[in-house]
Amino acid sequence: MGKPDRESLQLAAREDGFDLQLGGRALLSQRRDAPAIALAAGGPLVRMVRGNFRLTDRPTMAAALTRCVIESSTRAVLASEDGTARLAVTLNEAEGRMTLAALSRHDRITVDFTLTPDDVLWGGGEQMSYLALNGRRFPIWTSEPGVGREPGTALTDQASADGSFAGGDYWTTNYPEPTVLCSGGWALSLGNAEYAELDCTEAGRLRVQVWSGEVTIDLFSGAPAELTRQLGARFGPRQPLPEWALGGAVVGLKQGEASFARLEALIEAGAAISGLWCEDWVGIRETSFGRRLFWDWQWNATRYPDLPARIAALKARGIRFLGYVNPYLAVDGPLYPEAAAQGFFAKRLDSDAPYLVDFGEFEAGVVDFTNPAACDWFAEEVIGKRMLDFGLDGWMADFGEYLPTDLRLHDGDPMQEHNRWPVRWAEVNARAVASRGHTGDVLWFMRAGHTGVQAHCPLLWAGDQSVDFSRHDGIGTVITAALSSGLVGNAFSHSDVGGYTSLFGNVRTAELILRWYELGAFSPVFRTHEGNRPDDNLQIDSTPELITGFVRWSRVYAALAPYVRHLVKDAQATGLPAQRALFLHYPEDRVGLTIQDQFLYGSDLMVAPVIEAGAVMRQVYLPAGAWRHLWSGKDFALGWHDVPAPIGQPPVFYRPDSAFAPLFAELAA
C-alpha cells in the first residue's frame, strides 16, 4: 500500500542526462551542465553538551558528475568528466524506491529535487517553529530542542551563555525525520538514519544532503491526505489510545505523599480525572536547573510510602497511576551496578568502562540498545517487573536524544545509531507493554523520535516548552508540533499543560495556564505538568480561579470522549492524525497551506487556540462550507474572521451537519 504504480516511477533518458519521473512529473533533472546529484568526502566534527549538539563538516567535493550512462529505465551510472564511474542510481518500481550508491570512497551524497514556484513543502518530523519548510534549512539530528529557541532574545542567549548552545534555534527538535511532503502531489522519505539536511532555502529546489555513501529514498504520490495515509501505512495501523484515558485529565503532581491530598481536592471540586501522574515516584534530585528525578527506575518508598496500596485504591475508583522512565541509569542508583556487571552500558573508546554522560550535576550510563541482552533486561526487569507488575498504567518515556558519538556500542556506528536511538527506545517500551498483554491499555508517551518510531510509540508529547507565549518555544509551538508530526504517521500528540521550562525568572502566569487548559481540552490527551521549578510557578491548584478553570476544561475534555473515540478509530482506519493541518481536507485552498496556529480536530471541529498574551480577539480562517461558532451558535462562511476570544471561550467551530453536532452544542451549556 502507498507505493506508486510500477509504470509511474522511471528514469526518462534525455539527450544530456535523465529525469526522475513520478507519475509523469519530473522530480529530479540530471544534466551535464547542471548536475542534480553531487558527491563529497566529509570530515565531521560533533560537539555535544547535555544533549545539545552542533555538527560541522569539512567536505572535499568530488569532481562534478557530468557524464551519464542510462542502462535502463531503472538504472543509471554517473561519472566525472574523465569517465570514472562515481555513482549508481537504481530504481525499485514495485517499492517506489530510489537508491543512490557511491562507487568511489565518498560518504556525502547531495540530491536536488525540482520544485515549481507554487510548491509548498512540509515535513521534517516534529517541527516546533515552522510548518511550511520553504525558505529554511533543517538539520535532521535528534537533540534537546533548546530554551527559547530564538538566538538574539534574552531567554535563548542566557541559556547559551555557558557555551552549551542550550538556547536552541528554530530547527532544533527532539524528533526530526527526513521526510518531506510537497503540495505538488508527491513526498519523499529517506531510509537513512545518518545526519541529513533538508535545504529549502532556494526557490525551485529542495536539496537533500546525507552523510552517507549510500542513500535510499522512498517516493510517494497523491494529494496531501493520501500522502499522509501512505506515510503512516509503512508502519502498520496506529495503536489506540487507552479507553480509560479519555474519561478525564491526567493530573501531573510531584510532591510525594502530598500529591494524593491535592488530587482529592481537585476531585472534590468536580474535576474529571482519569489518571494521576507522579514522575517523582522514583525520588527527587535537586539541581540548579530545578527539581529533577532520581534516575533509578523503581519505587522510592521514602517519597511515596505505601504506594502499591495507593495505586490499587485509585484504580478501584477508575483512576490510573502513571510514572516516569528514561533509557539512562544514574551512577549513584542501585540499578547502575547491576547493569554494569552484565555489560549492558555503551563503553568508552579507550577502555571497557561504561561511557558516562553529564546530565547536569550528575552522571549516568547509556543502556546499549544495540545489545539484544540489554534490551531484554530493560524491557523485562525494569519496565516489566518494576513498573508494569508494580501497578503503573502509563509513563513518560523520556529522552532518547542524547546518544553521544564518541563511544563504543555493542553493534554499529554511533553516527548512524544516534538518530535511530529514539526508535530503539520506543521498541523497548512497546515490547515490555506487549509482554504483559497491555498494548492499547497503557498510556505511555515520548518526545524523541525519527523514522520508524511510529511503529512503536502510541502518543507523542511536544517536549519542554517554556512557560510563556514566546513565538519559538511557548504554547503556540505545541500546535505546530502536532500538525507536523501528524503528517508523517503519528496519529496522536499532546503537551505539558502549563509548559515545563522555567529559567531566569521566566514563570507561569494565570493567563498562560488558563489558555493552556483550553488547548489541552481539544487534544487527544489532557495532561498537566508542574514544570522543572514547581515551587516558583503557579500550579493548577494554586488559586480558586485556576481550580475552577481546570475543573471546567477537564469536564469539556471528558465530554468530547465519544468524538475522540471516533478519531482514534479514524486514525487506525485511514492513518490520518487527530489534529490536522487544514490542507489535509482542503488541498485546493492555498490559504490553508501555511496556516500553523489553528487546526482541524478530525474533520468536524476547527480549533484556533489563543497563543498571544493579552489577546481577547483573534483572526481565524474558515475553509469552504458552513461553520458554527461553538459559544454563540452563530454560523460563519468561508474566509478570515475576527472572532471574540475572551478567556474561557477560545475560537472553536463545528460543522452543523456533523453527526456529532449535538455533542458539540452541549459543550457551550
Side-chain angles (χ1 to χ4, degrees), residues 120 122 131-132 183 223-225 228 475-476 478-480 482-483 486-487 493 515 517-524 526 552-553 555-557 559-571 574 576-612 615-669:
V120 179
W122 314 285
L131 180 62
S183 63
T228 294
I475 182 174
V478 169
I479 305 170
T480 313
L483 299 185
L487 293 175
S493 179
R515 289 305 194 187
Y517 289 161
E518 297 169 359
L519 174 55
F522 291 95
S523 303
F526 183 179
R552 181 197 173 197
W553 288 107
R555 298 184 73 82
V556 168
Y557 170 80
L560 280 167
Y563 186 61
V564 179
R565 289 190 196 100
H566 162 72
L567 298 183
V568 171
K569 292 178 181 178
D570 199 27
T574 70
L576 290 177
Q579 293 157 289
R580 304 172 187 174
L582 276 61
F583 55 76
L584 289 182
H585 288 288
Y586 304 93
E588 302 304 319
D589 187 336
R590 293 200 60 83
V591 175
L593 298 183
T594 56
I595 290 178
Q596 65 179 50
D597 61 354
Q598 61 182 80
F599 59 91
L600 287 162
Y601 198 28
S603 59
D604 296 349
L605 279 175
M606 179 72 75
V607 183
V610 176
I611 55 175
E612 293 183 5
V616 293
M617 181 84 68
R618 71 152 290 176
Q619 276 203 325
V620 179
Y621 182 75
L622 297 173
W627 294 94
R628 183 161 295 164
H629 186 230
L630 181 63
W631 312 112
S632 69
K634 178 182 176 182
D635 286 344
F636 286 72
L638 167 71
W640 287 102
H641 303 276
D642 290 323
V643 181
I647 289 177
Q649 292 189 359
V652 178
F653 297 81
Y654 64 91
R655 287 293 196 187
D657 60 352
S658 166
F660 294 93
L663 171 66
F664 301 146
E666 289 178 4
L667 299 179

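Any value given below was found using the heavy atoms of this structure, including those in side chains, with hydrogens, waters and symmetry copies removed.
- Note that NE2 of His641 is 8.5 Å distant from NZ of Lys634, once rounded to the nearest 0.5 Å.
- In the displayed structure, Glu612 atom CD is contacted under 6.0 Å by at most 12 heavy atoms of other residues, nucleotides or ligands.
- Aromatic ring pairs are classed by plane angle as parallel below 30°, tilted from 30° to 60° and perpendicular above 60°; the pair Phe526 and Tyr557 is perpendicular.
- Contact record, Val610 with Ile475: O-CD1, 4.4 Å, taken as the closest heavy-atom pair.
- With contacts defined as side-chain heavy-atom distances shorter than 4.5 Å, the pair Arg618/Pro651 qualifies.
- Within the 4.5 Å cutoff, no side-chain heavy atoms of Phe653 are placed close to those of Arg628.
- Between Pro577 and Gly486 the shortest heavy-atom distance is CG-O, 3.6 Å.
- Note that the CG atom of Asp589 and the CD1 atom of Ile595 stand 7.5 Å from one another [nearest 0.5 Å].
- Considering only heavy atoms from C-beta on, Val620 stays 4.5 Å or farther from Phe636 through its side chain.
- For Phe660 and Tyr654, the ring centers sit 6.0 Å or farther from each other.
- Closest heavy-atom contact between Pro587 and Leu593: O-CD2, 4.0 Å.
- One distance of note links CD1 of Ile647 with OH of Tyr517; it measures 11.5 Å at 0.5 Å rounding.
- Side-chain contact between Leu567 and Pro524 is absent, with no heavy atoms from C-beta onward closer than 4.5 Å.
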Decide side-chain contact (heavy atoms from CB on, under 4.5 Å) for Val607 and Gln579; before the verdict, give the C-alpha distance in whole Å, the side-chain angles of both, and the deciding distance to 0.1 Å. CA-CA 9 Å; Val607 183; Gln579 293 157 289; over 6 Å; no
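- In this structure, the side chains of Leu638 and Tyr586 stay at 4.5 Å or more apart for every pair of heavy atoms.
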Determine, stepwise, if the pair Val120 / Phe583 fulfils side-chain contact (heavy atoms from CB on, under 4.5 Å). CA-CA 11 Å; Val120 179; Phe583 55 76; over 6 Å; no
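- What you find for Gln649 and Glu518 is that their closest heavy atoms are N-OE2, 4.1 Å.
- Annotation for Leu576 and Ala225: closest pair CD2-O, 4.0 Å, computed over non-hydrogen atoms.
- The shortest side-chain heavy-atom distance between Ile479 and Pro609 falls under the 4.5 Å cut-off.
- Using a 4.5 Å cut-off on side-chain heavy atoms (C-beta onward), Leu560 and Phe664 make contact.
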Starting from the C-alpha separation in whole Å, work towards a yes-or-no answer on side-chain contact (heavy atoms from CB on, under 4.5 Å) for His566 and Lys569. CA-CA 5 Å; His566 162 72; Lys569 292 178 181 178; 5.8 Å; no
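- Trp553 places a side-chain heavy atom less than 4.5 Å from the side chain of Pro650.
- With values rounded to the nearest 0.5 angstrom, Tyr601 atom OH is found 14.5 Å from Met606 atom CE.
- For the pairing with Leu584, the side chain to side chain contact (heavy atoms under 4.5 Å, CB included) check across Leu600, Leu487, Leu483 returns one residue only, Leu487.
- For the residue pair Pro644 and Met617, the shortest heavy atom distance occurs at N-SD, 3.3 Å.
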